[in-house]
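Just so it is clear: chains get the letters A, B, ... in the order the sequence lines come, proteins before strands, and each one is counted from 1.
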Protein chains: 2
Amino acid sequence: MDAKVDTSPKSVARCSLRKLSGVRTLSASELSFISTLKSGELKCNAGATVVAESSYTPHIFTVVEGWGFRYKTMEDGRRQVLNYLLPGDMIGLQGAVLKEMDHSVEALTPMRLCMFERSRFFTLFEKQPSLAYDVTWLAAREERILDEHLLSIGRRTAIERAAYLIAFLHHRGTRSGQLNDEDARLPITQNLVADTLGLSIVHTNKTLRKLATRKLLSWKDKGCDVLDPAGLAAVAQWEPPNLKERGAE
Amino acid sequence: MDAKVDTSPKSVARCSLRKLSGVRTLSASELSFISTLKSGELKCNAGATVVAESSYTPHIFTVVEGWGFRYKTMEDGRRQVLNYLLPGDMIGLQGAVLKEMDHSVEALTPMRLCMFERSRFFTLFEKQPSLAYDVTWLAAREERILDEHLLSIGRRTAIERAAYLIAFLHHRGTRSGQLNDEDARLPITQNLVADTLGLSIVHTNKTLRKLATRKLLSWKDKGCDVLDPAGLAAVAQWEPPNLKERGAE
DNA sequence: CGAGTACTTGAGTCCGTTCAATCCCAGTGG
DNA sequence: CCACTGGGATTGAACGGACTCAAGTACTCG
């Protein structure tokens, strides 16, 4: 892993499991518990591999800042991007629970991650049911996203898929605080879009050009300016999910 | 929901969350706790809709017996099958945690389901951390399966996809006890396969015929006899996952 | 200034599509 | 008893969306 661990003392609060997703505030007891689990912070550069497929990593991470993505590859090099990672997301749940990761994680921008010991993951369930519930909440949300991606790749046309992806990333980026009205630039390459949508690079390019012609987006440098999120969502026949706050009930 | 609730007293043990997946045996305390959560059993016929998209269902289910599948649809009728349901699987986690289901569930064969009250779902986290962990384990496994499906639809060719799906279903069916060496018949239609793989029915048929010619499977009545699971897995370049038993560590 | 990466575009090919017709079988009702 | 219906499987033909191949631009970086 070409990334370095930041061992200097940092605020625990910004590392929390769910505060980052902006949905729930944590109690003092929860915060102090998290501080006992936390084993450090990790900063990495764009392009860094955070977790490699099928390798054993004794850590779980939460994203504090930056963009990343997780993907699988086949032996002959075919690659499929599974989902994107943003502040509030968790990395390594599969590894923690199933004892093995079958996908890799790579940073898209410089990232700041919070590190936890996998070995103490189960104590979270024993000692902090509310946090354990949060973990399950995150897992259920991930499942929901994957469901939608599956529908997208399986049944949407190329232009619908592309529109969906950009609208989706815009939505998530905005929600997580990585994007705002002034800066709606997605830090992705067309190569990555192709590997997310299951299309070739060439056809991805031609499809994105069509969306650009319609003034729904514009591609600059190595990124995508989202001009009309609602328009994109309309093309994709997709409605951004509006998650309700989790409650104990 | 065209299914009827069986209110007669039944054994709790066979309804457990994880015993059904054959991985872990439950303690007496866990069994008695489950009995307090359980609110009934549900039997339904093949073709029955267990849960309808975007409807509110106050229940969570676990599958005791039979095959089912969950899917999403678009307004114009396009359908995408997301995953299949087998004994030991849970239905409604998304609904329980995110407060809304965005997919439907349908029975493929007659099914027997165990019903739980969604309202008491959180107490499971408070009172039985070990069972809560099991729920998360199931969620992580589902995520892993969806990852593989995504790779399949996104990057595999038609014949690879088909081979993967049949091998996958055979693997799951065998693991869950629904299939054995004598009876390796998958209760699916080609229409369903098409909606799982993101292909048209016509091309799905032609692709399956090729696999039949290679003596990897044979299609009969409304089902698929799996002749050579390993051969199918090889065509798909897929390795069946070998999940380790969950441990507290 | 060469090398590498990202994006773009045109041309031709092929995989998977739609359209269409046929067959089989299980219900269902006259 | 048999015509009628409908779902599932099958096959041929023709179209088209997405593919590969190929070439070229623009930019960054050592």
What pairs with [X] under side chain to side chain contact (heavy atoms under 4.5 Å, CB included), at least two apart in sequence or on another chain?
{"X": "A:Asn191", "result": "A:Arg79, A:Thr189, A:Asp195, A:Ile201"}
{"X": "A:Asp181", "result": "none"}
{"X": "B:Asp76", "result": "A:Gln237, B:Met74, B:Arg78"}

Which side-chain N or O atoms in residues 206-215 of chain B pair as donor and acceptor under 3.5 Å with protein atoms at least two apart or in another chain?
{"residue": "B:Thr207", "atom": "OG1", "partner": "B:His203", "partner atom": "O", "Å": "2.7"}
{"residue": "B:Thr213", "atom": "OG1", "partner": "B:Arg209", "partner atom": "O", "Å": "2.8"}

Do the side chains of A:Arg156 and A:Val235 get nearer than 4.5 Å, heavy atoms only?
no
Mind listing the residues from [range] sitting with a heavy atom below 4.0 Å of DNA chain C? Number order is fine.
{"range": "residues 151-168 of chain B", "answer": "B:Ala158"}
{"range": "residues 195-202 of chain B", "answer": "B:Gly198, B:Leu199, B:Ser200, B:Val202"}
{"range": "residues 213-223 of chain B", "answer": "none"}

Which residues pass the ring pair (Phe, Tyr, Trp, His ring centres under 6.0 Å) test with A:Trp238, sequence neighbours left out?
A:Tyr164
Whole angstrom value for the distance that separates P of D:dT20 from CZ of A:Arg78
10 Å
Between C1' on D:dA26 and CG on A:Asn205, what's the gap in Å once rounded to a whole number?
14 Å
Between A:Thr189 and B:Thr207, whichever has its closest DNA chain C nucleotide further toward 5' is A:Thr189
Any donor-acceptor pair under 3.5 Å linking the side chain of [X] with the backbone of [Y]?
{"X": "A:Gln94", "Y": "B:Arg141", "value": "no"}
{"X": "A:Arg155", "Y": "B:Leu199", "value": "yes"}
{"X": "B:Asp89", "Y": "B:Leu86", "value": "yes"}
{"X": "A:Asn180", "Y": "A:Glu182", "value": "yes"}

Residues that B:Lys72 engages under salt bridge (Lys or Arg N to Asp or Glu O under 4.0 Å), provided they are two or more places apart
A:Glu148, B:Asp102
Who pairs with B:Asp183 by salt bridge (Lys or Arg N to Asp or Glu O under 4.0 Å), at least two apart in sequence or on another chain?
none
I'd like the 5' and 3' limits of the part of DNA chain C contacted by chain A, with heavy-atom contacts below 4.0 Å.
C:dA6 to C:dA11
Selection residues 49-71 of chain A - residue pairs positive for salt bridge (charged side-chain N to carboxylate O under 4.0 Å, His left out), sequence neighbours left out
A:Glu65-A:Arg112, A:Arg70-A:Glu142, A:Arg70-B:Glu143, A:Arg70-B:Asp147
